[in-house]
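Note that these values count all heavy atoms, side chains included, but never hydrogens, waters or copies made by symmetry. If you're wondering where the values come from, they're calculated on a predicted model, not measured in any experiment.
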Amino acid sequence: MRGKGQNSRAHLRICDAYGNRKEMVALEQNFYELGADRTRRGEVGYLHLEGSGIEPRHARLMKHPSSEKWSVVSLVSSGSKLGKHDLSRDEAVPLTDGTELWLGNNLLQLLDLNKSVTKAAVMPELSDIELMMNEALLDYEDRRRDLFDGDDAQREALLSAELDRLLSEELDLAGKPDMIATINRYCKEALRRPLISACLMSGTRGDIELTFSQLNAEQRARSIELCEELASEIGLDMEFHSTAEDLQKLHARFDDAYRTVSGMIGETFKLVLIRDAVREKVMGLFFRLGPIQFLCDIDVISEIMVCGAERIFVEKGNQMFETGLTFASEGELFTVAARIAGRDGKQLTEGSPMADARLPDGSRANIVASPTALSGISLTIRKFGKGHWTVSDLRKNRAMSLPMERFLEACVKSRKNIIISGGTGSGKTTLLNALSMFVPENERIVTIEDTSELRLLNRNLVTLESRRANMDGRGEISIRDLVRNALRMRPDRIVVGECRGGETLDMLQAMNTGHSGSMTTAHANSPHDLILRLETMVLQSGEELPIHAIRQQISAAIDVIVQVRKTKSMDPNAPRHATQRTIVEVAEMGEFDPDTGEIPVNPIFEVADSSGLLRFAIAGYIPSFFEELEASDLIKIDGFFDTEEVPANAA
């Protein structure tokens, strides 16, 4: 029997009519109302149920403080059943562990920490065991605080030993002859996860390190062999560009493939695989980031998007797709989100449900919890590669042509003010970081960001980061505060990660007052849209400036606009729907015309579409400062036109 502490929580397992779990809810309150009222979704003490036969106020769950026992009260005259007994309206009936409670076509079960999930639950899943094991370890740590006074290594050893004990009890029950179907259900999930990992790693080198695995070398080799057999049965291609298709095949064909190979797996080895999968998941929740940790470990994944416990998406190679991975519950997802926020000293509360934070590897995380996020916690992680992309690297990946590379290098070295414009995820920060590498070592750079993303290599570098107000509304340091302060730090250049508000005015003034060669980014769909966007952001500063004065500032401050966008891939061997990040236009900002009140934008380079083939092209305009670049021996007129109208894949 598992020990149970006074603060341990019961859980309510919510399934569809076939016993497939939809949700697991930790019962933290003493009173709950259950029903189908969408307007109350997310309300404390209200559990929203979907499906047929559910009324807005269908039933109540109540825990008796003295006995710690639960009872259920039906609020409707029909559509509520406990076991085989129909519940009458307003009838209070004790709800015991594992008893089947039917509300409409929803099957609900109360599960307790000191009871076997395998024994109590209808059609239990591996994630049910993992969730309850996690809760049991939390309970154990709470009850035995006297043991946990050492370092993380001691804590890990104690929790690992307790988990092994709990797993032995659970799997002893699951290993009985009448539990074959349950064991196969557990084992199937244990093998599905490494296959998802393999699909996501397709086209890369290496393997995901299983931090808490206890498989020996022989067992590890057999596990890999089984995954290879399953991949062959499913027909996975395992190529870099086939990830989305492979995941679709995996989700559609895995059950049939497992039935084919399951006869070759001994029952003892199935229990070994199950034990190892649970260990990795549960210990990962305590010490890492649970089911998304290995996504963070895959270098080619650039973005991780969690939309509630049941949906995890990733971006790999400019393609976005659903992984099929899940958190066992919203509580499990909240634990991971709160841990990420806590690393930056932030808390997720009902009054402060949003947070920006950084992971130890520098990746940026954004969290939105309830009540703001209505369909579950939103967690978005923007990863940054371990390497430093240079402009040459970007050109080799068809993001620009050779003349573009030469011209942009000359612009940075000649201290032209540059603004990079584009949409979310179009590669603005990557390009800004690459261009910054052209800054001479003898110049001092001050970088200013909302969340640190730039990775400049200059030695005379100062990196500043804004800060939100604390819980008391104090301590805020805005981008605008930092831009103003940077002017007193003797910078040769100021690099702002992104202008999105009133700091734009300060940035333009800095560019106009001796800090030439500064760079920043902004969200806009084209160079012409950028001018309007800059005007709007300057007005957000609160300064009452006339439009013509703002446009004069913009025209005088900015020399070059670089427009980036996601386009279809220029790789002739890429799949039809593949995309890439591309510089679609490089333009010079013209002089403000007082007669028309307009600022001309003069394209220098552009991307043209010729019969469905994207091509880098010279637009025909020679920038006004070209002679200056030539005089400084930064560019030659001959080389400037070398690859005019040459297809991008030949550049």
Side-chain angles (χ1 to χ4, degrees), residues 358 362 364 384 388-391 408-421 428-468 475-522 534 537-538 540-543 545 549-550 552-562 589 625 628-629 631-634:
R358 274 199 309 271
R364 183 183 72 192
F384 305 108
H388 297 271
W389 285 80
T390 65
V391 173
L408 291 174
E409 179 180 0
C411 287
V412 175
K413 290 182 176 178
S414 63
R415 300 180 66 89
K416 299 302 173 189
N417 293 324
I418 300 173
I419 186 165
I420 301 169
S421 166
K428 300 186 299 297
T429 304
T430 300
L431 179 59
L432 179 62
N433 202 83
L435 291 178
S436 299
M437 294 183 187
F438 290 134
V439 177
E441 276 292 328
N442 61 351
E443 294 186 13
R444 177 175 171 84
I445 305 176
V446 176
T447 67
I448 300 169
E449 298 176 86
D450 212 10
T451 301
S452 181
E453 298 179 36
L454 295 172
R455 296 185 177 183
L456 277 60
L457 302 177
N458 302 62
R459 287 185 58 79
N460 197 351
L461 171 69
V462 178
T463 302
L464 305 178
E465 185 179 75
S466 65
R467 187 176 70 184
R468 290 188 177 185
E476 179 183 12
I477 301 176
S478 67
I479 293 286
R480 191 171 190 191
D481 295 331
L482 294 176
V483 173
R484 289 174 172 175
N485 187 77
L487 299 176
R488 298 190 287 270
M489 298 174 69
R490 200 270 177 214
D492 289 306
R493 304 180 191 233
I494 297 173
V495 178
V496 177
E498 181 183 346
C499 283
R500 56 166 67 101
E503 69 274 2
T504 305
L505 175 60
D506 301 291
M507 186 66 183
L508 293 174
Q509 290 175 337
M511 289 176 167
N512 279 323
T513 54
H515 299 91
S516 57
S518 296
M519 293 178 277
T520 187
T521 73
L534 291 173
M537 291 190 292
V538 168
Q540 290 176 358
S541 68
E543 303 290 340
L545 298 174
I550 296 174
Q552 284 178 325
Q553 284 262 22
I554 293 172
S555 173
I558 298 170
D559 298 306
V560 177
I561 303 172
V562 183
M589 184 83 78
F625 51 83
E628 176 190 337
L629 301 183
S632 302
D633 202 28
L634 293 172

Taking the side chain as C-beta and beyond, is there a heavy-atom pair between Met519 and Ile419 under 4.5 Å? no
Apply side-chain contact (heavy atoms from CB on, under 4.5 Å) to residues Gln553 and Gln509 and explain how you reach the verdict. CA-CA 7 Å; Gln553 284 262 22; Gln509 290 175 337; 3.9 Å; yes
Begin from the C-alpha positions of Glu409 and Val391 and carry the test side-chain contact (heavy atoms from CB on, under 4.5 Å) through to its verdict. CA-CA 8 Å; Glu409 179 180 0; Val391 173; over 6 Å; no
Could you report the tightest heavy-atom contact between Arg415 and Arg493, atom names first, then the distance? CG-NH2, 3.5 Å
Taking side chain as C-beta onward, heavy atoms only, is Thr429 less than 4.5 Å from Ile420? no
Does the side chain of Leu454 come within less than 4.5 Å of Thr463's, by heavy atoms? no
Just by modelled atom types, is the Thr504 backbone N or O under 3.5 Å from a matching donor or acceptor in the Arg480 side chain? no
Of all heavy-atom pairs linking Ile561 and Met589, the shortest is CD1-CE, 3.6 Å
Only counting residues at least two apart or in another chain, list the ones meeting side chain to side chain contact (heavy atoms under 4.5 Å, CB included) with Asp559. Lys416, Asn417
From Leu545 atom CG to Gln552 atom CD, the distance as rounded to the nearest 0.5 Å: 11.0 Å
So, does Ser436 use its side chain to make a donor-acceptor pair with the main chain of Leu456 at under 3.5 Å? no
Any donor-acceptor pair under 3.5 Å from Ser518 side chain to His515 backbone: yes
Would you say the side chain of Val439 lies within less than 4.5 Å of the side chain of Val412, judging by non-hydrogen atoms? yes
Which value, rounded to the nearest 0.5 Å, describes the distance between Met507 atom CE and Ser541 atom OG? 15.0 Å
Ser478-Asp481 side chain donor-acceptor pair, cut-off 3.5 Å: yes
For a 4.5 angstrom cut-off between non-hydrogen side-chain atoms, does Phe438 reach Thr390? no
Between Glu503 (side chain only) and Gly501 (backbone N and O only), is there a donor and an acceptor less than 3.5 Å apart? yes
Find the distance between CG (Leu487) and CG (Asp506) and round it off to the nearest 0.5 Å. 7.5 Å
Closer than 4.0 angstrom, basic N to acidic O: yes or no for Arg444 and Asp492? no
Does any non-hydrogen side-chain atom of Thr520 lie less than 4.5 Å from one of Val495? no
Output the distance between atom CG (Asn433) and atom NZ (Lys428), rounded to the nearest 0.5 Å. 14.0 Å
Using a 4.5 Å cut-off on heavy atoms from C-beta on, say whether the side chain of Asp450 contacts that of Glu465. no
So, do Ile558 and Leu534 sit near enough that their side-chain heavy atoms are less than 4.5 Å apart? yes
Here the pair of heavy atoms bringing Ile448 nearest to Ala486 is CD1-CB, 3.8 Å
Look only at the side chain of Ser632 and the backbone of Leu629, and say whether a donor-acceptor pair between them is shorter than 3.5 Å. no
dist Arg459:CZ -> Asn442:CG (nearest 0.5 Å) comes out at 13.5 Å
With no hydrogens and no angle check, just 3.5 Å: does a side-chain donor-acceptor pair link Glu443 and Asn460? no
May I have the step-by-step check of side-chain contact (heavy atoms from CB on, under 4.5 Å) for Leu435 and Leu408, ending in yes or no? CA-CA 8 Å; Leu435 291 178; Leu408 291 174; 3.9 Å; yes
Distance col, row Glu449:CD vs Glu498:CD, nearest 0.5 angstrom, shows 10.5 Å
Which atom names give the shortest non-hydrogen contact between Cys411 and Phe625, and what distance separates them? SG-CE1, 3.9 Å
Write down the atom of Leu461, the atom of Asn458, and the distance for their closest heavy-atom approach. CB-O, 3.3 Å
Closest approach of Cys499 to Met537 (non-hydrogen atoms, all atoms of both residues): O-SD, 3.3 Å
